[in-house]
Amino acid sequence: MLTALTQWSATQLRRVPRILGLILLVPALAYLFWQHRAWGDRALKALCDGLLTVRTVPLLGIEHLEKPWLFWPLVLMVGLSGIVLRWCTVRQQWGRLVIVSSLLALMLRYLLWRSLVTLNLRTPTEAAVSLLLLGIEGFIMSGYVLQLYLLLKVNDRWPQADAAAMAVKAGRYQPWVDILIPTYNEPLTILRRTIVGCQALDYPYKRIYVLDDTRRPELRELAAELGCHYLARPDNHHAKAGNLNHALGHTHSELIAVFDADFVPTRNLALSSELCLINS
């Protein structure tokens with residue numbers, strides 16, 4: 001109990017500089033806003049006038065479009081995406097391109113609607129709040145755009161994985177592999193299935209390590225019963241990442257495999273992935 005309280009106190013003390021920084025930042029920003037209020041009002045007024053001018057452009061006047069022009073593009077994109085999902089496999093790049101393009105088009109359509117129809121620009125205060133909310137939405141959507149971009153960068157590694165499996169089976173490359181299973185208070189029944197699944201992997205040169213971040217005697221007994229290594233550290237600093245870093249100092253194999261405590265691998269998992277790691 002005393003150790004846990006000490007660790008909690010140390011964690012809270014590390015947060016003090018951040019809290020003090022935020023406390024000092026808010027008054028500083030308020031002071032700058034007060035000193036440059038006139039400049040900010042002029043800039044905000046210019047931005048609002050620009051948005052009001054853009055609303056008059058015929059091609060961007062979304063609120064003046066007839067309903068078919070608003071409805072049928074959505075139906076077309078949804079139908080096209082459904083066809084792609086039905087007939088295209090994950091390995092085909094053009095299918096991902098169609099889906100990502102449709103999602104980006106919908107996001108752009110939404111941002112145009114938010115920017116040109118829903119903003120409240122009647123007063124500087126209302127305009128500032130409305131633009132702030134729009135900026136927050138844009139920031140959140142930028143994260144989705146990044147995820148969609150990464151989706152386009154997926155590489156098909158199945159042929160390389162199949163070749164790796166054949167190389168391992170033929171004995172041309174068979175390194176030692178340390179399998180790490182980090183755990184924090186998962187039930188022993190779940191951990192038993194995971195350990196047994198790792199032991200059943202169709203690969204002889206492996207060592208299994210259970211990384212216990214709760215230091216449970218019953219888990220140590222389970223590891224001894226199943227014939228795998230048990231590792232525990234004196235603290236829980238940096239959570240799962242710290243648990244793995246601590247284990248790396250006790251392992252010596254050429255390759256490392258990390259499985260969650262509730263993940264039961266298939267028997268051929270090691271065979272189909274090892275040389276992909278070496279050749280990537």
Side-chain angles (χ1 to χ4, degrees), residues 1-15 17-18 155 157 160-280:
M1 182 66 180
L2 181 59
T3 303
L5 181 61
T6 304
Q7 293 177 358
W8 180 85
S9 302
T11 303
Q12 300 304 316
L13 287 175
R14 285 195 296 269
R15 295 177 180 175
R18 304 176 189 175
N155 295 323
R157 305 294 295 276
Q160 188 176 359
D162 293 338
M166 296 303 297
V168 173
K169 285 183 178 180
R172 294 193 299 269
Y173 182 71
Q174 291 186 323
W176 277 93
V177 180
D178 286 338
I179 300 175
L180 308 183
I181 307 175
T183 173
Y184 186 86
N185 209 30
E186 285 85 3
L188 297 184
T189 54
I190 293 178
L191 285 168
R192 178 184 290 273
R193 289 198 298 266
T194 302
I195 296 172
V196 171
C198 292
Q199 291 175 330
L201 284 172
D202 189 15
Y203 189 73
Y205 305 104
K206 61 181 181 290
R207 303 184 187 92
I208 300 173
Y209 292 82
V210 177
L211 315 181
D212 185 16
D213 238 4
T214 48
R215 296 167 288 279
R216 291 176 287 175
E218 57 272 22
L219 183 52
R220 181 190 295 271
E221 295 175 1
L222 176 63
E225 174 190 343
L226 297 178
C228 59
H229 301 275
Y230 175 88
L231 290 178
R233 54 182 180 147
D235 53 56
N236 298 94
H237 288 168
H238 306 294
K240 185 176 182 179
N243 194 8
L244 291 172
N245 286 330
H246 174 262
L248 291 178
H250 296 79
T251 58
H252 309 285
S253 293
E254 187 173 349
L255 295 179
I256 298 292
V258 179
F259 295 146
D260 285 338
D262 56 352
F263 178 79
V264 181
T266 58
R267 288 181 57 86
N268 67 334
L269 179 64
L271 293 179
S272 60
S273 59
E274 279 182 357
L275 287 186
C276 282
L277 297 175
I278 298 300
N279 297 328
S280 61

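Using bins of under 30°, 30° to 60° and over 60° for the plane-to-plane angle, the ring pair Tyr203/Tyr205 lands in the perpendicular bin.
Within the 4.5 Å cutoff, no side-chain heavy atoms of Ile181 are placed close to those of His229. Between Pro265 and Phe259, some side-chain heavy-atom pair lies under the 4.5 Å cut-off. Taking 4.5 Å as the limit, every side-chain heavy atom of Leu255 sits out of range of all side-chain heavy atoms of Trp176. Annotation: side chain of Leu211 is not in contact with side chain of Thr183 (no heavy-atom distance under 4.5 Å).
Listed for the Asn245 side chain is a donor-acceptor partner under 3.5 Å among the backbone atoms of Ala241. No donor-acceptor distance shorter than 3.5 angstrom exists from the side chain of Glu225 to the backbone of Ala223, with no hydrogens or angles considered.
In this structure, CG in Leu231 is found 9.5 Å from CZ in Arg220, a value given to the nearest 0.5 Å. Distance check, rounded to the nearest 0.5 Å: CG of Leu248 to OH of Tyr209 gives 11.0 Å. Taken to the nearest 0.5 Å, the CG atom of Leu201 stands 7.5 Å off from the OG1 atom of Thr266. The line from CG of Asn185 to OG1 of Thr214 is 5.5 Å long, rounded to the nearest 0.5 Å. Between Leu226 atom CG and Arg192 atom CZ the span is 5.0 Å, to the nearest 0.5 Å. Rounding to the nearest 0.5 Å gives a distance of 9.5 Å between CD of Glu221 and CG of Leu188.
Remark: of the listed residues Val177, Asp178, Ile179, Asp178 is the sole one forming a side-chain contact (heavy atoms from CB on, under 4.5 Å) with Thr251.
Listed here is the closest heavy atom pair of Phe263 and Thr194: O-CG2, 3.1 Å. Considering every non-hydrogen atom in both Asn236 and Arg215, the closest pair reads OD1-NH2, 2.9 Å. Scanning all heavy atoms of the two residues, the minimum distance from Glu254 to Pro175 falls at OE1-CB, 3.3 Å. Of all heavy-atom pairs spanning Asp262 and Ile190, the tightest one is CA-CG2, 3.7 Å. Considering all non-hydrogen atoms of both residues, Ser253 and Arg207 come closest at OG-NH1, 2.6 Å. Shortest non-hydrogen contact noted between Val264 and Gly197 is CG1-CA, 4.0 Å.
A salt bridge links Arg233 with Asp213: the distance from a Lys NZ or Arg NE/NH1/NH2 to an Asp or Glu carboxylate oxygen falls below 4.0 Å. Between Asp260 and Lys240 a salt bridge is recorded (basic side-chain N to carboxylate O distance below 4.0 Å).
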